[in-house]
K.L.:
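I have a structure here, written as structure tokens, and I will follow up with some questions on it.
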Amino acid sequence: MTGKKTLRIAIVGAGASGLMALIKLREAGLPDVTIFEKADSLGGTWRDNRYPGLTCDVPSLAYRYSFAPNSEWSHVCAPGPEILEYLKDIAARYDLERDIRYGAEMRTAEFRDGQWHVTTSQGDEGAFDVVLAAAGVLHHPAYPDIEGLDTFKGDTFHTARWPDNFSLKGKRVGVIGTGSTATQITGAIIDEVASLSLFQRTPQWILPLANDPIPEEQREAYRANPALLEEEFVRLSAQQTESFAAAVVGENPRAYEALENYCKDHLNLVTDPDLRARLTPDYRVGCKRLIMSGNFYQAIQKDNAELVTDAITRIEPAGVRTSDANSKDGRLHELDVLVLATGFDAHKIMSPMIVKGRSGKRLDETWASAQEAYLAVTIPDFPNWFMIGGPNSPVGNFSWLQTAELQFGYALKLIETLRTGNVRELSPKPEALRAFNDAVKAKMPDTVWASGCKSWYINKDGHVASWPWTFDKFKRDMTEPVMEDYLFG
Ligand code: NAP
């Protein structure tokens, strides 16, 4: 590494992406790196989400960093706390915490004289040559705008703010929402609560996925033979990317048809025709983020469960009031606990940071009508600023760890050009971004996300917020930056 320029690098966020970036920057011979983390511990989404039933719905053996294979997952889909332990264990193994500044929320980043001048909630942090923003996509809880929410007398909280050691045993619990989170919670709590009222605004398609334990003998086989672990990784990743991810972007019609059939057959587990009808979506499979569950339909049919499909009119001290065709006052669902499984604002990437690029250009203003980034990683006029998880990143049903490593690899190749000393700043050409966005828009109609439903896959400007091509194309695009698409100064 001799002869290369030293760079001072700031990473935003000590989640799965930021930790990986720190490890890889050190390995690349870049030791002057600081992660600014607003919370007081690492782990990102796996730290924030602690609700009952939390599991990764990407099979665990495909959910790992390339440099840290893991033979120890307890289940086909690992419970959230195990994933958090995996991240903590890696942080300890690589001695990452010495470069993490907890309780330091990045507030401003301003590009002046070829460097990013950074302030955090702890004050002025000085100048950095490069910023890697790895602040996550789904971390701003979305609270429902329902009249009277603050009048509820019982306990209420968002699923990403689950109180520690909170018991639901014997309580009357209401859950608003029917996304992946609510579905996992329903299956996990049904046998301990007195009653569960699940408030559904829109039904969801659910792919059957039994989450079996991985037996100790199997784990021992992986321990003894790392090649076997790798084979499983390759097999599961291929299954995920070829049959699932390619299907939802219109690249594998047969696999898509199979997905549809699995979901429709799965729904037949619901025996009561009225309940089945109320659980049947009127949009295409995969339009909203497809849910995986092996216990939701069983849970919602239990005697202590009720699927409430009448609209919520308001929240009162005693519970949730819904409209009711038979009563002008509607119906009050009395509750002890109200859980808000209402999702996240996925379009607040980087918020509330104030980021000012060349000539004071503000990122929030640049993105006011649409969040756009060249290949999801870089932005014109915001030099030496790289994103992991930027707009149009492949999110959803891919392994995020793989995606993040690929995006980092792309960014590192560009960062290497800054180390030569011949280049002080780089950013994508505006026409490169335009061409990328035109291509996203042209591909959008092929994706099932654009087939007519409301979901966080669609931006506020009506365009697709995820990667509309195959994972193979993503890998190819991340392999080698096209240097002609960049301006170097
Ligand atoms: P979500 O998919 O955005 O679902 C939010 C739910 O809340 C929807 O059912 C929505 O109804 C409902 N809702 C929102 N506001 C409402 C209101 N005012 N009144 C009534 N209902 C309202 O959120 P999520 O379930 O937390 O999942 C978010 C994402 O996190 C997922 O898509 C996934 O990417 C990720 N996730 C992953 C896992 C995993 O295992 N890997 C687990 C959980 C979550 P509408 O559909 O009508 O809008």
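The shown structure was predicted, so the numbers you read here are calculated from the model rather than taken from an experiment.
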K.L.:
R419 vs L30, test: side chain to side chain contact (heavy atoms under 4.5 Å, CB included). Steps then yes/no.
P.N.:
CA-CA 10 Å; R419 296 178 76 189; L30 287 158; 3.5 Å; yes
K.L.:
Run the side chain to side chain contact (heavy atoms under 4.5 Å, CB included) check on V339 and W162 step by step: do they pass?
P.N.:
CA-CA 9 Å; V339 174; W162 201 276; 3.7 Å; yes
K.L.:
Apply side chain to side chain donor-acceptor pair (under 3.5 Å) to residues S17 and W400 and explain how you reach the verdict.
P.N.:
CA-CA 8 Å; S17 314; W400 177 251; 2.9 Å; yes
K.L.:
Taking all non-hydrogen atoms of both residues, which atom of E372 and which atom of I379 are closest, and how far apart?
P.N.:
O-CG2, 4.1 Å
K.L.:
Would the distance check show the side chain of Q122 and the main-chain N or O of Y102 forming a donor-acceptor pair, the cut-off being under 3.5 Å?
P.N.:
yes
K.L.:
Hey, is D89 close enough to R93 for a salt bridge, meaning N to O under 4.0 Å?
P.N.:
yes
K.L.:
Is K88 close to L42 at the side-chain level, that is, under 4.5 Å between some pair of heavy atoms?
P.N.:
yes
K.L.:
Using a 3.5 Å distance criterion without hydrogens, assess whether the side chain of K302 forms a donor-acceptor pair with backbone atoms of I190.
P.N.:
no
K.L.:
Please walk me through it: do E216 and R223 pass salt bridge (charged side-chain N to carboxylate O under 4.0 Å, His left out)?
P.N.:
CA-CA 10 Å; E216 172 53 24; R223 257 173 242 139; 3.0 Å; yes
K.L.:
Could you go through D336 and V173, starting from their C-alpha distance and side-chain angles, then the distance that decides it, and tell me whether this counts as side chain to side chain contact (heavy atoms under 4.5 Å, CB included)?
P.N.:
CA-CA 6 Å; D336 303 309; V173 179; over 6 Å; no
K.L.:
Should D57 and R289 count as an ion pair when the cut-off is N to O under 4.0 Å?
P.N.:
yes
K.L.:
Taking the side chain as everything from C-beta on, heavy atoms only, tell me whether L198 gets closer than 4.5 Å to F296.
P.N.:
yes
K.L.:
Is the SG-SG separation for the cysteine pair C453 and C287 below 2.5 Å?
P.N.:
yes
K.L.:
Are the side chain of R201 and the backbone N or O of G177 linked by a donor-acceptor pair below 3.5 Å?
P.N.:
no
K.L.:
Would you say that more than 12 heavy atoms from the other residues, nucleotides or ligands in this model lie under 6.0 Å from the CG of D40, or not?
P.N.:
no
K.L.:
To the nearest 0.5 Å, what is the distance between NZ on K5 and OG1 on T420?
P.N.:
8.5 Å
K.L.:
Please name all residues satisfying side chain to side chain donor-acceptor pair (under 3.5 Å) with S74, sequence neighbours left out, ordered by chain then number.
P.N.:
E82
K.L.:
Could you please spell out the steps behind the side chain to side chain donor-acceptor pair (under 3.5 Å) verdict for S293 and N295?
P.N.:
CA-CA 6 Å; S293 173; N295 60 15; 3.3 Å; yes
K.L.:
Atom CD of E85 and atom CD of E72: how far apart are they, to the nearest 0.5 Å?
P.N.:
13.0 Å
K.L.:
Determine, for D129 against R424, whether the closest basic-nitrogen to carboxylate-oxygen distance falls under 4.0 angstrom.
P.N.:
no
K.L.:
What verdict does the salt bridge (charged side-chain N to carboxylate O under 4.0 Å, His left out) test give for R235 and E230, after you've listed the backbone C-alpha separation in whole Å, the side-chain angles of each residue and the deciding distance to 0.1 Å?
P.N.:
CA-CA 9 Å; R235 186 184 69 79; E230 187 58 23; over 6 Å; no
K.L.:
Verify, without hydrogens or angle tests, whether K171 (side chain) and S167 (backbone) share a donor-acceptor contact under 3.5 angstrom.
P.N.:
yes
K.L.:
For a side chain to side chain contact (heavy atoms under 4.5 Å, CB included) with I35, tell me which candidate from V12, I11, D99 qualifies.
P.N.:
I11
K.L.:
If I compare all heavy atoms of A10 with all of M106, which pair ends up nearest, and what's the gap?
P.N.:
CB-CE, 4.3 Å
K.L.:
Is the backbone of V76 close enough, under 3.5 Å, to the side chain of W73 for a donor and an acceptor to pair up by distance?
P.N.:
no
K.L.:
In Å, rounded to the nearest 0.5 Å, how long is the span from CE of M292 to CD of Q184?
P.N.:
10.5 Å
K.L.:
Evaluate the ring planes of F436 and W469, with Trp represented by its six-membered ring, and classify them as parallel (under 30°), tilted (30 to 60°) or perpendicular (over 60°).
P.N.:
tilted
K.L.:
Are W385 and F111 packed together at the side-chain level, in the sense that at least one heavy-atom pair is separated by less than 4.5 angstrom?
P.N.:
no
K.L.:
Can you tell me how far apart CZ (R98) and CG (L96) are? Round to the nearest 0.5 Å.
P.N.:
8.0 Å
K.L.:
Where do G174 and L335 come nearest, in terms of heavy atoms and distance?
P.N.:
N-CD2, 3.5 Å
K.L.:
Taking all non-hydrogen atoms of both residues, which atom of A142 and which atom of D345 are closest, and how far apart?
P.N.:
CB-N, 4.1 Å
K.L.:
Does H266 reach the main-chain N or O of Y297 with its side chain, forming a donor-acceptor pair under 3.5 Å?
P.N.:
no
K.L.:
Report all side-chain donor-acceptor pairs from residues 401-413 shorter than 3.5 Å, counting only partners two or more places apart or in another chain.
P.N.:
unit_1 : atom_1 : unit_2 : atom_2 : d
Q402   : NE2    : S237   : OG     : 3.4
T403   : OG1    : S399   : O      : 3.3
E405   : OE1    : K24    : NZ     : 2.9
E405   : OE1    : S66    : OG     : 2.6
E405   : OE2    : S66    : N      : 2.6
E405   : OE2    : S66    : OG     : 3.4
Q407   : OE1    : G389   : N      : 2.8
Q407   : NE2    : S393   : OG     : 2.9
Y410   : OH     : Y486   : OH     : 2.8
K413   : NZ     : T479   : O      : 2.7

K.L.:
Parallel under 30°, tilted from 30 to 60°, perpendicular over 60°: which one fits the rings of F36 and F128?
P.N.:
perpendicular
K.L.:
Side chain of W116, backbone of P383: donor and acceptor closer than 3.5 Å?
P.N.:
yes
K.L.:
I would like to know whether L61 and Y222 meet side chain to side chain contact (heavy atoms under 4.5 Å, CB included); could you show each step before the answer?
P.N.:
CA-CA 10 Å; L61 293 170; Y222 293 141; 3.4 Å; yes
K.L.:
Under 3.5 Å, is there a donor-acceptor pair between the side chain of S60 and the main chain of H75?
P.N.:
yes
K.L.:
If you count the non-hydrogen atoms of other residues, nucleotides and ligands that lie under 6.0 Å from CG in D145, is the total more than 12?
P.N.:
no
K.L.:
Please assess W456 against F344 for the test ring-ring contact (aromatic ring centres under 6.0 Å, His included), listing each intermediate value before the final yes or no.
P.N.:
CA-CA 8 Å; W456 63 265; F344 300 86; 9.0 Å; no
K.L.:
Partners of E231 by salt bridge (charged side-chain N to carboxylate O under 4.0 Å, His left out), sequence neighbours excluded?
P.N.:
none
K.L.:
Could you check whether K443 pairs with E251 (Lys NZ or Arg NE/NH1/NH2 to Asp/Glu carboxylate O, under 4.0 Å)?
P.N.:
yes
K.L.:
As an exercise, state the distance from NZ of K38 to CD of E105, rounded to the nearest 0.5 Å.
P.N.:
5.5 Å
K.L.:
Does the plane of the ring in W449 sit parallel, tilted or perpendicular to the ring in Y457? Use 30° and 60° as the thresholds.
P.N.:
tilted
K.L.:
Answer yes or no: is there a donor N or O on one side and an acceptor on the other, between the side chain of Q200 and the main chain of T178, under 3.5 Å?
P.N.:
no
K.L.:
Counting distance only, does the side-chain N/O of H117 pair as donor-acceptor with the main-chain N or O of R112 below 3.5 Å?
P.N.:
yes
K.L.:
What's the shortest heavy-atom distance between A21 and I388, and which atoms?
P.N.:
CB-CD1, 4.3 Å
K.L.:
If you count the non-hydrogen atoms of other residues, nucleotides and ligands that lie under 6.0 Å from OH in Y262, is the total more than 12?
P.N.:
no
K.L.:
Atom CZ of R219 and atom CG of L229: how far apart are they, to the nearest 0.5 Å?
P.N.:
12.5 Å
K.L.:
Can you name the nearest heavy-atom pair linking R64 to Y86, along with the distance?
P.N.:
CB-OH, 3.4 Å
K.L.:
In the structure I gave you, are the side-chain heavy atoms of T470 and T241 within less than 4.5 Å of one another anywhere?
P.N.:
no
